[in-house]
Each structure stands twice: as C-alpha cells, then as structure tokens.
Amino acid sequence: MKGTATTLDSLLDLSVRIGRNPLLVQASSGNTSLKIDDTLWIKASGKWLAYADHEEILVPVDLPECLECLRTSRSLTAKTDLRPSIETFMHAILPQRVVVHVHSVNTIAWAVRFDATSQLSERLDGLRWQWIPYTLSGMPLARVICAASVNHPETDIFVLGNHGLVVCGEDCDAVEALLFEVERRLAIRPRPAADPKPGVLERVARSSHWRLPDADVLHTLGADTISRRIVDRGVLYPCQAIFLGAALPHFASSKGFSEIDGTSPVVVVEGSGVLTNENITAAEWAMLNGFAEVVRRIDTCAPIRYLTDQEVNNVLGENGYHYRMSADNQVRRSAP
Ligand SMILES: [Zn+2]
C-alpha cells in the first residue's frame, strides 16, 4: 500500500532537499513532520532543515497528549533537549501523515496582497487549497487551520496570509510533488537585481563595521526604487520582524552612522544598495536574502497588506525572541 513505505529517513531526505532551497526555506524557518501511530515526529525549534542529513533535527511528540494540550491551552513540555517547533500543534491537528511548512518566497509574494485570494484562485485552480488569513504562529494558527481542515478534510494545501505555505499528504513523494506543483504555479519572475554603487557604499563603509555584501540581490533593497518603497512601508511577514527588525535602518550622509542601531544586520544606503554588519549571523544572512527575494517578486502595483503594529508586537514577544536566539546560536556567517 502506498504510504506505508514512508519512513523517517524519507522525511529527512525530503527535509534536506527543501531546506537547501533558499527560495523555500531560510535558516531555521520551515518545518516538516511525520505521524507514525501515536507519535508525531516534528522538526525541533531552531534546527535547520538543510542539516537534516548530519544533525538530529526531529523530536518525537506524543500525538494524543499534544492534541489534549491544544484543547486545554496547555503548553507542550519537551521530553528531550530538543524543543518541538512552535508550529507543532498545526502539524498535529492535520489528519495527513506528512506535513511540510515552508516560507516559499513565491508564495509569500502573493500572500502579502489584499487581493491574494483572487490571485491564488486563478493560479491554484483545480487544487484542493484554502486561504488562511494571517494568524499568529502556535496555538492560534493551529486552531484556525484545524477549523478549515475539519470543514474541508480533503484540503492538502494551505496558503498562510503574510506567512507561507503548508502542503500535506500521505507520503513524502506525494507531498514533494504537490509542493513543486504549487511552486510552479505561483512562480514569479523577479525584478532584476539592481546594480549597487560600490564606490558610494565603500566610501560609506570605510572605518565602520559595515561591509559591502557580495550578493547583488541584497542591493535591490537599497538601489531599486520599487523595492525600497515596498520595504519602507512596513513589515511583510513575521521572520522579517524577528530577524531584521521592524524597520530596516537607513543611512543618511547628514547623520552618519551615529543614529543607526549598530547591532542591526543590515543598513540601507538609499539609491546605492545595502551594507551588512560584519557580525551578521548565518541565520540573519539567510533571512535577509530570502527577504530580498520576496520583495523583488512583489509587483509594482500590488495592494500590500502589511502586518499591523499589534501583530508585529505579538510576533516580537517572548516566542519571537526565543525563535531568533535558537535559530542563530549567534553563529557568525563565515566569510565569503
Ligand atoms: Zn512559518
């Protein structure tokens, strides 16, 4: 019978493939799970899917106990050193054996739009999908998805407003095929990477801890007028706020660096590009690249639904802090 061959090994293989695609997963974002009898094997918080082939990233969770915790609003206690992902409840309530959640840059570029449902209806026609308006990760999101799944149990694709994508199925092969079908349909041709102005950036960076990054895509955030306008108006999705701050700092020559938060991973030099902090961590680097990829896929005329101040504050609460710290482990990005 199809599905019985699904093992933890095949979940780990799938996790590595997804985790190494920066257009799907950045740093420790994204999570995968597999249900075997009464156990939910779920990615641990802070672990990177990309390293599933040489690090322990999965943690076993008692499924009935997990569902009871959700019912009674009790937090799940970890039985090992690894802490289950914040999205464990969402994985637990879905009836399918295999669940994959990614921060696909193509999906997010659609999911930050006020007209997302009509745009997605056109592109996902014929697939069993549902739109989930933005909801805080953890129990709140799990409850909304649970209601959506109970009403339409055949749903195997959930597009999460201002957040990402969930795809599920009975085995890893089916889920991977479905994920790539969704990706194919939602693919957006990005605006070309904007040419940075190295002369200006190098002059600005001289004698500071800001460095000229070697990734042209990043410079889009400062050198491409459309992207800069999108970024300046607010926060598009939670990981942006958690890893890059509620607003990207701008360098103004009249003020120098004195008014810029020196711990920010990035600073925008208007019209020229960006500079990155010499202490930028691997997680911040991955998130920053993913962010630039999302922004350059958002259409010039898109009606954007930014997170509200209240939503950003909730994201930056205790869970956001722990998420960032565990993802980073303060590992500096290795020099290029
Ligand atoms: Zn997520």
Side-chain angles (χ1 to χ4, degrees), residues 22-23 26 103-120 134 161-164 186-201 204-205 210 212-213 215-257 259-261 264-277 280 284-313 315-316:
L23 299 183
Q26 305 79 33
H103 290 181
S104 147
V105 301
N106 285 301
T107 304
I108 295 175
W110 292 116
V112 297
R113 298 175 60 130
F114 277 112
D115 61 352
T117 47
S118 61
Q119 296 287 349
L120 292 165
Y134 175 76
N162 292 86
H163 183 164
L186 298 187
I188 300 171
R189 188 196 300 267
R191 283 189 294 285
D195 285 334
K197 293 186 184 151
V200 176
L201 293 169
V204 172
W210 300 101
L212 181 62
D216 281 351
V217 168
L218 293 187
H219 293 294
T220 308
L221 298 170
D224 170 37
T225 316
I226 300 163
S227 297
R228 220 174 58 225
R229 216 167 47 218
I230 292 170
V231 170
D232 282 349
R233 284 185 302 188
V235 174
L236 296 168
Y237 56 96
C239 280
Q240 175 194 346
I242 293 170
F243 287 86
L244 307 176
L248 296 191
H250 283 237
F251 172 79
S253 52
S254 54
K255 293 176 184 157
F257 287 117
E259 292 182 17
I260 293 176
D261 173 8
S264 171
V266 64
V267 58
V268 172
V269 182
E270 277 188 32
S272 300
V274 302
L275 295 171
T276 47
N277 196 315
I280 190 168
E284 288 166 341
W285 178 262
M287 291 294 179
L288 182 59
N289 274 274
F291 177 58
E293 292 290 5
V294 169
V295 171
R296 71 193 193 112
R297 282 170 172 75
I298 299 175
D299 190 71
T300 319
C301 315
I304 302 175
R305 189 269 182 200
Y306 291 96
L307 294 182
T308 64
D309 289 347
Q310 181 65 52
E311 287 166 346
V312 172
N313 287 339
V315 159
L316 293 177

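Quick caveat: nothing in here was measured; it's all calculated off a predicted structure.
If you take CD on Gln26 and CZ on Phe291, they are separated by 11.5 Å, rounding to the nearest 0.5 Å. A distance of 8.5 Å separates CZ of Arg297 from OG of Ser104, quoted to the nearest 0.5 Å. Between the CZ atom in Arg229 and the CG atom in Asp232 there is a gap of 10.0 Å [rounded to 0.5 Å]. Atom NZ in Lys197 sits 9.0 Å away from atom CG in Leu201 (nearest 0.5 Å). Distance check, rounded to the nearest 0.5 Å: CD of Gln119 to CZ of Phe114 gives 14.0 Å. Separation of atoms CE (Met287) and CG (Leu244) is listed at 8.5 Å; rounding is to 0.5 Å.
Remark: the backbone N or O of Tyr306 is not paired with any side-chain donor or acceptor of Tyr134 at under 3.5 angstrom. At least one donor-acceptor pair closer than 3.5 Å links the side chain of Gln240 to the backbone N or O of Leu236. The closest donor-acceptor contact from the side chain of Asn277 to the backbone of Val266 lies at 3.5 Å or more, if one exists at all. When atom types are taken as modelled, the side chain of Arg228 and the backbone of Gly222 share a donor-acceptor pair closer than 3.5 angstrom. Listed for the Trp110 side chain is a donor-acceptor partner under 3.5 Å among the backbone atoms of Leu186. Checking side-chain atoms of Asp216 against main-chain N and O of Ala193 turns up no donor-acceptor pair under 3.5 Å.
When all heavy atoms of Gly164 and Ile108 are compared, the closest pair comes out as CA-CG1, 4.1 Å. In terms of heavy-atom proximity, Pro213 sits nearest to Leu275 at CD-CA, 4.0 Å. Between Pro196 and Pro198, the shortest heavy-atom distance links the atoms O-CD, 3.1 Å. Taking every heavy atom of both residues into account, Val294 and Ala109 meet most closely at O-CB, 4.1 Å.
With sequence neighbours excluded, the residues forming a side-chain contact (heavy atoms from CB on, under 4.5 Å) with Ala215 are Leu218, Trp285, Asn289, listed by chain and number. Scanning for side chain to side chain donor-acceptor pair (under 3.5 Å) contacts around His219 gives an empty result, with sequence neighbours left out. Scored by the side-chain contact (heavy atoms from CB on, under 4.5 Å) test, Pro22 finds no partners at all (sequence neighbours excluded). Remark: Arg305 pairs with Glu311 by the salt bridge (Lys or Arg N to Asp or Glu O under 4.0 Å) rule, at least two apart or across chains. Arg191 meets the side chain to side chain donor-acceptor pair (under 3.5 Å) test with Asp224, Ser227; sequence neighbours excluded. When the side chain to side chain donor-acceptor pair (under 3.5 Å) test is applied to Arg296, the partners found at least two apart in sequence or on another chain are Glu293. Here Ala111 pairs with Trp131, Val159 under the side-chain contact (heavy atoms from CB on, under 4.5 Å) rule; sequence neighbours left out. Listed by chain and residue number, nothing satisfies the salt bridge (Lys or Arg N to Asp or Glu O under 4.0 Å) test with Arg233 (two or more places apart in sequence, or in another chain). Residues forming a side chain to side chain donor-acceptor pair (under 3.5 Å) with Arg113 (at least two apart in sequence, or on another chain): Asp115.
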Step by step, would you call Ile188 with Val105 a side-chain contact (heavy atoms from CB on, under 4.5 Å)?
CA-CA 9 Å; Ile188 300 171; Val105 301; over 6 Å; no
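With a 4.5 Å cut-off on side-chain heavy atoms, Ser264 and Trp210 count as touching. Taking 4.5 Å as the limit, some side-chain heavy atom of Thr276 sits within range of a side-chain heavy atom of Leu288.
A side-chain contact (heavy atoms from CB on, under 4.5 Å) with His250 is found for one member of Val269, Val267, Val268 and no other, namely Val268.
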